[in-house]
Amino acid sequence: TDAIISTSPGGRIIFWNRKAEALFGYTELEVVGRSLDIIIPERYQEGHDSAIKRVRDKGILRLAGKTMETTGKHRDGHEIAIEISLSFWESNGEPYFTAIIRDITARKKGEEALSQAQILLEDQILERTTDLIRTNEKLKKEITTRIHMQNALEESERKFRVLFNQTFQVIGLLKPDGTVLEINQTALDYFRINYHDSVNRFLWDLRGDQASEANRAMFQEAVAQAAGGKLVRFEAQFRFDKETVRTLDFSIKPVSDPEGLVPLLIIEGRDITERKQNEEGLQESEHRLRLLSSQVLVAQEKERKRISQELHDGIGQYLSAIKYRVEHLILTQSEEKGPSGDKPTLEKVIPVIQGAIEEIRRICMALRPSTLDDLGILATISWFCREFQATYSGILIKQKIQVEEQEIPALLKTVIFRIVQEALNNIGKHSRAGQISLNLTRKGRHLNLDIRDNGGGFDLKKPYSSDNSTRGMGLAGMKERAELSGGALTIHSQPGKGTRIQAVWLLGE
Ligand SMILES: Nc1ncnc2c1ncn2[C@@H]1O[C@H](COP(=O)(O)OP(=O)(O)O)[C@@H](O)[C@H]1O
Ligand SMILES: [Mg+2]
């Protein structure tokens, strides 16, 4: 089935079988005696010639017995892939060749297709590999990012922990039912409890037997309110041993999610024992100060009363006695001597003494009207208004007194008088008012004092009195007296709109 061709030492064809005819397109007749070149493509002819020469000269045929692939040439010129196995023999010292030739076009084509497929495959593999490498790279990058993120997370978690645990404040996270989810180191140290006994228990059970029932109820109430979405603040006291009671200022804050539900509560607490003590100390000293200043006021009233009495009973009486003697002297002298030169001189002394007496009385009344103690507050107010009217004749006072003298406690009488005195004096001095309305009325258990003028008013934001010498009984003093006596006093005024002073006291049964 293979083509078989034999050649002579001169390279001429001496045998050509049928298959060779079919393969190369020449008949035996056509080729016998011709050179083998007719079936060798031009580009191989030279190699073929030199090979034959080499064999002839040195008796060496490299390819003998081997199979090799090469290309042959058909009669019509197209090339054919062939496989040749060569053998040679000698006769009379001359080399003869025989080639067995097989058409391998089909195989070649198959091989080519195969190698094509292989290349394609390799391409595909390469592509896939590149893909894989790329994916791999991406994966690696992702992993790195993940690790970074993880680290960052761990770092921030660590920082949070530090903050959570090192803070000055007691902090815990709670479920809305009061179960402890987290608790910080400060809290553990502060309450002398440990983490594992605290987590997953109710907040109010944490301190076990040490917790007071009052605290338990307070915490339950606070948690319930916070779970309802309210920020709750309260103070709680904890007894640590016989001497130590500490106060904590707590807040429970609901953390609400976008749906408005409250999945978490944050409780914070701060020890305010010292602050509390300071505050109490401050309140205490403020209280003492108030007491002191009320005592000062009382002492001042007493002192005024004493001076007033002494002026009245001492100098006043002396003056009255002098006046009486002088008057008597004038009378007796006029009887003895008749109209003489002395009388007019002495008579001139009388009004001077009278003036002195009145001045003393005026000073006494201003210091502390004796009527306040003798006749009461209502009479004193009326007297004071008359006096005021006499001085400021242009200002009309409308009085409305609707309370009984005995309904007003003795201590309040001085206070009320001093307020009326200052208010009216201010109106006289500062207001340019034409009218004053003064009401002292009782409504239920309230005693109201209300003094209004229609004058120029003033700006309340400006500091009250700039004149230090009158301090103690200015507007500030009025307020102070009212408050010290258990009442309240408000001042309303606006430039151009007059001034109103209102004081109110709660009377006992
Ligand atoms: N009835 C009033 N009408 C207008 N101005 C007033 C009235 N009462 C007080 N003032 C203003 O308030 C200031 C403070 O009053 P006050 O404390 O009694 O001090 P003082 O009377 O010694 O000035 C007054 O100086 C005056 O300007
Ligand atoms: Mg004044």
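In each ligand, atom 1 is the first atom listed, and ligand 1 is the first ligand listed. Residue numbers start at 1 and run along the sequence shown.
Counting only N and O atoms by type, the side chains of Gln283 and Glu279 include no donor and acceptor under 3.5 Å apart.
Thr247 pairs in a side-chain hydrogen bond (donor to acceptor under 3.5 Å, both in side chains) with only one of the listed residues (Glu235, Gln237, Glu274), which is Gln237. Of the candidates Lys413, Arg368, Arg306, Arg368 is the only one forming a salt bridge (Lys or Arg N to Asp or Glu O under 4.0 Å) with Glu301.
Within the structure, salt bridge (charged side-chain N to carboxylate O under 4.0 Å, His left out) pairs that include any residue of residues 377-398 do not occur (at least two apart or interchain).
Residue-level check: among N/O/S atoms of Glu422, OE2 sits closest to the Mg ion (ligand 2).
Closest approach of Arg290 and Leu484 over heavy atoms only: O-CD2, 3.5 Å.
For ligand 1, the atoms sitting less than 4.0 Å from at least one non-hydrogen atom of Ile427 are 1 (N), numbered in the order shown with element in parentheses. Numbered from 1 in the order shown, with element, the atoms of ligand 1 that lie under 4.0 Å from a heavy atom of Gly474 read 16 (P), 17 (O), 18 (O). Atom numbering of ligand 1 starts at 1 in the shown order; those under 4.0 Å from a heavy atom of Lys429 are 21 (O).
For Arg432, the heavy-atom gap to ligand 1 stays at 4.0 angstrom or more. In this structure, Gly455 falls outside the shell of residues with a heavy atom less than 4.0 angstrom from ligand 1.
At under 3.5 Å, a nitrogen or oxygen of Leu475, whether backbone or side chain, sits near a nitrogen or oxygen of ligand 1.
If you check each of Arg500, His430, Met478 against atom 26 (C) of ligand 1, the one with the closest non-hydrogen atom is His430.
With hydrogens and angles ignored, the 3.5 Å screen pairs no side-chain donor or acceptor of Thr244 with any backbone N or O of Phe240.
Checked against the 6.0 Å centroid threshold, Phe202 and Phe219 do not count as a close aromatic pair.
At a heavy-atom distance under 4.0 Å, only side-chain atoms of Asp453, from C-beta outward, approach ligand 1.
Backbone or side-chain N, O or S atoms of Asn426 reach the Mg ion (ligand 2) at under 2.8 Å.
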